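Each remark here refers to the structure printed beneath this line.
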Protein chains: 2
Amino acid sequence: MNDTFKALSDPTRRQIIQLLKERDMSAGEIAEQFSISKPSISHHLTILKNAKLVQDERQGQSIIYSLNTTVIQEALGWFLGMLGTKGEDEK
Amino acid sequence: MNDTFKALSDPTRRQIIQLLKERDMSAGEIAEQFSISKPSISHHLTILKNAKLVQDERQGQSIIYSLNTTVIQEALGWFLGMLGTKGEDEK
DNA sequence: ACTTTATTTAGATGATTATCTAAATATCAA
DNA sequence: TTGATATTTAGATAATCATCTAAATAAAGT
């Protein structure tokens with residue numbers, strides 16, 4: 001869970017996730033959307049991958065990244081928990 | 001929004017939020033729950049406050065912290081957006 | 001076997017961050 | 001106003017992080 005929040009704390013990585021929400025994209029396509037270098041994007045993708053927020057699959061020369069909504073659902077669950085009734089678990 | 005995610009990227013701060021979910025607490029009470037120094041907790045509280053995730057109110061000698069669920073709801077909205085239908089906004 | 005294209009790895013650097021101790025501020029009580 | 005309690009501010013430090021350039025790896029085409 002900590003990896004998830006850490007990964008999401010960077011705005012570039014959140015934008016990457018937003019891109020992948022629309023459609024799967026190669027590392028290069030993703031990098032095109034940003035003004036930072038490809039190695040930097042690659043680094044961000046590694047962090048997202050370690051957090052299991054994205055998956056990658058080689059397709060010929062390209063590596064296609066896609067969103068893993070499972071982990072996003074888990075994070076969403078954390079927020080739902082924070083909105084539960086105050087002190088609900090005290091009994 | 002970035003402040004929110006940045007604030008939530010630290011495990012101590014997330015724990016503080018979980019504590020405040022149960023009940024309002026003074027800075028001292030919060031600090032008791034952790035093994036780090038009071039100034040460090042104070043620093044974390046400042047970050048949470050800047051992100052508007054918590055509110056504070058002086059009550060005598062103590063300063064009582066409470067959760068602001070509005071911002072949590074907004075963050076929850078972000079996650080919901082990431083789970084929407086793929087490419088839903090293309091039309 | 002080369003060359004091109006796509007991506008990652010390595011190594012370095014500057015910025016941000018979490019933490020600490022010591023000192024300052026604020027409130028209350030005697 | 002002095003003393004005790006609660007909290008924050010200041011300043012320092014070590015660790016983490018985002019970024020870069022240069023080099024390495026991998027696949028595909030000629």
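Every value quoted in this text rests on a predicted model; they were computed, and no experiment measured them. Reminder, nothing fancy here: chain letters follow the sequence lines and each chain counts from 1.
Between A:Q15 and A:Q33, every side-chain heavy-atom pair lies at or beyond the 4.5 Å cut-off. Taking 4.5 Å as the limit, every side-chain heavy atom of A:F79 sits out of range of all side-chain heavy atoms of B:T69. Looking at B:D3 and B:I47, their side chains never come closer than 4.5 Å, going by heavy atoms from C-beta outward. In this structure, the side chains of A:D24 and A:L67 stay at 4.5 Å or more apart for every pair of heavy atoms.
Between the side chain of B:R13 and the backbone N or O of B:A7, at least one donor-acceptor pair lies under 3.5 Å. Without hydrogens or angle criteria, B:T46 side chain to B:S42 main chain gives a donor-acceptor distance under 3.5 Å.
Across B:M25 and B:L19, no two heavy atoms sit closer than the pair SD-CB, 4.0 Å. The heavy-atom pair separating A:G84 from B:K21 by the smallest distance is O-CE, 3.7 Å.
The CD1-C1' distance, from A:I36 to D:dT21, rounds to 14 Å in whole Å. At whole-Å resolution of the value, CD1 in A:I30 and P in C:dA6 are 14 Å apart. Separating the CD1 atom of A:I47 from the P atom of D:dT19 is a distance of 9 Å, rounded to the nearest angstrom.
Atom CG in A:N50 sits 11.0 Å away from atom OG1 in A:T4 (nearest 0.5 Å).
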Mind listing the N/O atom pairs, protein and nucleotides 12-14 of chain C, below 3.5 Å?
none

Short heteroatom pairs, N/O only, protein and nucleotides 1-9 of chain D, under 3.5 Å:
residue : atom : partner : partner atom : Å
D:dT5   : O2   : B:Q61   : NE2          : 3.1
D:dT7   : OP1  : B:A27   : N            : 3.3
D:dT7   : OP1  : B:I63   : N            : 3.3
D:dT7   : OP2  : B:G28   : N            : 2.6
D:dT8   : OP1  : B:Y65   : OH           : 2.5
D:dT8   : OP2  : B:S42   : OG           : 2.9
D:dT8   : O5'  : B:S42   : OG           : 3.2

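The shortest distance between the side-chain N/O atoms of B:H44 and the OP1/OP2 oxygens of C:dT19 is below 4.0 Å. Contact annotation: A:S40 side-chain N/O to D:dC20 OP1/OP2 distance is under 4.0 Å.
Residue B:K6 has its side chain nearest to C:dT17 when only D:dA18, D:dC20, C:dT17 are considered.
Of the residues in residues 10-19 of chain A, those lying under 4.0 Å from DNA chain D by heavy-atom distance are A:D10, A:R13.
In this structure, A:I16 is not a member of the same hydrophobic cluster as A:I64, with clusters built from ILVMFWY side-chain heavy atoms closer than 4.5 Å.
Below 30°, between 30° and 60°, or above 60°: for A:W78 and A:F5 the angle between ring planes is above 60°, a perpendicular geometry.
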